[in-house]
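One structure is given here, and the rest of the page talks about it.
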Number of protein chains: 2
Amino acid sequence: MTLGEAGANRPAPTLVSPAMAVEANRARVLQALYDIGPLSRADLARLTGATRATIGAIVLPLLERGLLVERDPAPVAPGGGKPARPLFFSPTSWPIGSVHLRPGRIDAALVSAGGNVLATAQEQFPARTRDAGSVVDAVIRALDAVLPKERDDLVGVGIAVGGMVDTDVGSIVAINLAPGLAGLPLGPLVSDRIGLPVFLDLHPRAQALGDRWFGQGRGVSSFASIYTGEAIGVGMVLDGAIHRGPKGSGGEIGHTIVQAGGQQCRCGRRGCWETIATHRWLRAEAGRLGLPAARTMTTGTLARLAAKGHPGADELFENYAYNLALGIANLQQILAPGLFILHGDVVFGGEAFRSAIERNVRAALPPHPGGEPRIAFSELQDRATLLGGAGLVLSHSLQLAV
Amino acid sequence: MTLGEAGANRPAPTLVSPAMAVEANRARVLQALYDIGPLSRADLARLTGATRATIGAIVLPLLERGLLVERDPAPVAPGGGKPARPLFFSPTSWPIGSVHLRPGRIDAALVSAGGNVLATAQEQFPARTRDAGSVVDAVIRALDAVLPKERDDLVGVGIAVGGMVDTDVGSIVAINLAPGLAGLPLGPLVSDRIGLPVFLDLHPRAQALGDRWFGQGRGVSSFASIYTGEAIGVGMVLDGAIHRGPKGSGGEIGHTIVQAGGQQCRCGRRGCWETIATHRWLRAEAGRLGLPAARTMTTGTLARLAAKGHPGADELFENYAYNLALGIANLQQILAPGLFILHGDVVFGGEAFRSAIERNVRAALPPHPGGEPRIAFSELQDRATLLGGAGLVLSHSLQLAV
DNA sequence: CTAAGAATGTACGAATCTCGACCAAACCTC
DNA sequence: GAGGTTTGGTCGAGATTCGTACATTCTTAG
């Protein structure tokens with residue numbers, strides 16, 4: 001789970017042995033299936049440059065173990081020929097446990113390798129509790145409710161945490177609204193109790209992996225997945241790999257300064273992006289403008305007000321889009337992921353809001369042949385994070401060892 | 001040279017064949033030598049996990065071709081044993097051409113694989129010229145002056161450009177002070193004339209590769225290399241790989257907004273980091289404070305004024321450090337590279353300036369077990385970019401094909 | 001209805017690489 | 001000088017992919 005400490009020596013890369021080659025090749029075949037969808041052996045051979053014979057040898061054990069299944073023959077190309085048998089993940093095989101831990105609430109799911117949610121469960125806990133043990137118990141209960149009794153096939157469990165984490169040891173560093181959980185080594189504790197490997201990571205990063213394996217990030221080499229709402233966070237896939245930073249310390253985009261000397265942030269500094277791109281700003285502005293239900297304002301209700309032509313709503317709608325675009329444009333300037341997948345509250349702003357953000361982002365950037373950045377709203381809805389928990393496990397299991 | 005377009009489908013990874021394995025393994029052995037320094041076969045075997053027999057087979061052709069040489073036997077470990085023969089790059093072999101193109105000025109060098117600058121040359125051209133052909137001629141002249149007549153061993157040529165580039169085709173998109181070069185496909189033109197592969201990239205990115213292969217970035221998994229002075233730019237190495245973004249459109253950190261509604265930037269927007277973290281701001285402030293030689297103020301002269309206790313200098317010194325820290329802290333929040341290697345004007349501010357920046361960066365970040373970010377001044381001095389041009393070629397040549 | 005064409009999936013030998021074991025060389029300690 | 005330790009080289013075994021040839025299954029033409 002380690003990814004190199006700040007300034008620490010890079011671990012010396014291990015050489016490619018034949019044993020590793022077959023593992024890497026298997027991972028690449030599976031990755032192609034994730035990225036593109038069902039593919040025949042001949043398709044895979046063309047894509048990977050290998051011969052059909054090699055692909056056959058690689059997929060045979062996967063079919064025997066039930067990981068992959070042959071689907072119905074595909075329609076034949078004009079001119080005839082033997083119809084191809086597309087391969088894809090069995091709807092139920094290779095189950096992965098997934099947990100989303102938020103202050104006061106635990107969601108768990110069982111997800112198949114192909115991204116089917118096979119079971120879900122919820123648990124509650126008092127957000128301000130100091131009894132971290134009871135939270136661990138609740139996580140275990142939620143997992144027990146979804147994990148099958150037969151745990152031989154289980155790959156592992158992914159846990160997404162809405163707070164700062166240490167991905168090296170799998171512990172929680174700090175959660176804003178649940179201070180009692182600070183320092184809790186949730187990953188090892190859960191791993192001991194259920195006897196499976198556990199991968200714990202930041203919520204927006206898990207969400208990004210949901211997009212990467214099961215959403216609009218499939219087959220895309222670089223993109224950023226942004227969560228908005230009460231807070232703001234980002235997970236980034238760069239050149240096909242999720243980026244964490246040492247011990248998972250990256251992704252805290254909400255506290256990048258976009259307005260030096262601006263509003264006070266709850267982090268103590270001034271002008272963080274969070275001060276102008278989250279509910280707090282939206283609701284304060286809505287109150288200032290005298291909009292109805294300002295204290296519970298969301299992007300969805302604002303969009304409806306603006307559509308109805310409510311005085312001031314249109315202006316706030318545009319300003320909020322501009323504020324969101326500010327941080328996105330900064331990210332594009334630095335890393336140019338090219339695609340931004342937005343999750344959370346903003347999605348309810350609808351196409352009008354999406355295009356307003358995209359327009360503002362593009363207006364803020366100089367032209368480059370690399371192309372204009374695209375803003376997309378997630379199609380995974382509330383499944384994103386739980387699928388992302390599974391993606392966390394997949395990313396580790398399929399991580400190319402070479 | 002392509003690295004995937006924005007939102008474009010990731011190219012399907014090619015499978016690992018035995019033929020590619022040996023190439024990849026050779027690259028890893030060389031990378032270990034770059035990261036760590038001279039190593040014996042036994043050292044390499046321990047580091048890579050391979051057997052000494054395998055390492056022997058890998059390095060033999062490299063020794064025969066003269067790429068590597070056996071150095072004098074190393075001192076023996078206590079307890080005895082046959083003294084190890086450290087291997088390292090021959091001081092002259094594997095020569096790489098390097099070009100640094102700035103408005104009005106061309107620097108060229110011949111660099112050995114081990115980072116020895118074997119020859120240098122300069123050419124001038126009128127910055128505002130519209131005759132792009134004459135600039136290409138000047139580049140060729142500079143290269144002819146440094147490249148050996150025998151071009152069989154030459155690996156390639158790297159070109160670092162102080163402006164926006166398209167790394168896919170190797171062309172210049174725009175240079176601020178040399179608008180006549182916009183759209184010039186310099187890479188292909190030079191490649192045709194000298195008959196070698198040419199890799200063209202953004203100046204700060206080349207500089208980062210200089211750090212990565214020959215400077216403080218050796219063996220470090222992630223870091224950011226920042227250029228400061230008239231403008232500001234960044235090159236990033238994340239998890240061991242340089243990040244470009246589609247067609248090399250990333251790295252424009254100078255035009256990220258850190259002060260929405262702030263000073264007008266030459267890019268047309270307001271509050272770009274460049275407006276408060278480059279010479280322009282420094283000189284304007286120095287003028288406002290009535291400091292001597294304000295119009296030619298640099299960090300070096302400011303540091304000397306502050307050391308002498310000149311009124312106002314100390315305050316400006318601290319404010320400039322704060323302004324620089326602002327953008328660095330943002331980068332650390334998002335990506336957490338952990339190490340920031342600074343180049344250009346700021347280096348002349350000395351240790352006092354370095355520690356002032358580091359202090360300001362750390363003060364702006366919440367604590368995380370990932371560790372505190374470190375700020376370092378480049379030890380490569382003015383060689384950074386030319387070494388980086390060679391690093392550009394190395395990164396492509398040694399890019400792990402698997 | 002039959003035969004040719006085309007594409008998919010499988011079987012077998014050749015080539016190549018790494019691994020493991022063994023051996024000679026060089027140095028230290030006793 | 002003998003024994004131990006470490007380095008570097010040699011050789012056969014095992015594993016994997018590649019190239020080629022072959023069986024299978026569908027379309028299309030006559």
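Below, read A as the first sequence line, B as the second, and so on, with proteins coming before strands; counting in each chain starts at 1.
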Position toward the 5' end of DNA chain D (nearest nucleotide), A/Ala53 or B/Asp43
B/Asp43
Taking salt bridge (charged side-chain N to carboxylate O under 4.0 Å, His left out) as the criterion, tell me which of B/Asp166, B/Asp168, B/Asp201 meets it with B/Arg244.
B/Asp201
Does D/dG19 have its OP1 or OP2 closer than 4.0 Å to a side-chain nitrogen or oxygen of A/Thr51?
no
Reckon B/Ser40 has a side-chain N or O less than 4.0 Å from the OP1 or OP2 of D/dG8?
yes
In the structure I gave you, are the side-chain heavy atoms of B/Thr92 and B/Asn116 within less than 4.5 Å of one another anywhere?
no
Considering every strand and a 4.0 Å limit on heavy-atom distances, what is the contact class for [X]: base, sugar-phosphate, or nothing?
X       : value
B/Ala57 : nothing
A/Arg46 : sugar-phosphate
A/Ala42 : sugar-phosphate

Once you round it to whole Å, what is the distance between [atom2] of [N] and [atom1] of [X]?
X       : N     : atom1 : atom2 : value
B/Leu87 : D/dT7 : CG    : C1'   : 12 Å
B/Leu68 : D/dG8 : CG    : P     : 13 Å
B/Glu70 : D/dG9 : CD    : C1'   : 12 Å
B/Leu60 : D/dG8 : CG    : P     : 13 Å

Are the side chain of A/Thr167 and the backbone of A/Gly248 linked by a donor-acceptor contact shorter than 3.5 Å?
yes
On DNA chain C, which is the earliest and which the latest nucleotide, 5' to 3', with an atom closer than 4.0 Å to a heavy atom of chain B?
C/dC17 to C/dC28
Hey, what are the protein-to-nucleotides 21-28 of chain D N/O distances that come in under 3.5 Å?
| unit_1 | atom_1 | unit_2 | atom_2 | d |
| --- | --- | --- | --- | --- |
| D/dT25 | O2 | A/Lys82 | N | 3.4 |
| D/dC26 | O2 | A/Gly81 | N | 3.3 |

Would you mind checking if B/Asp35 and B/Arg212 are paired as a salt bridge, meaning a charged N to carboxylate O distance below 4.0 Å?
yes
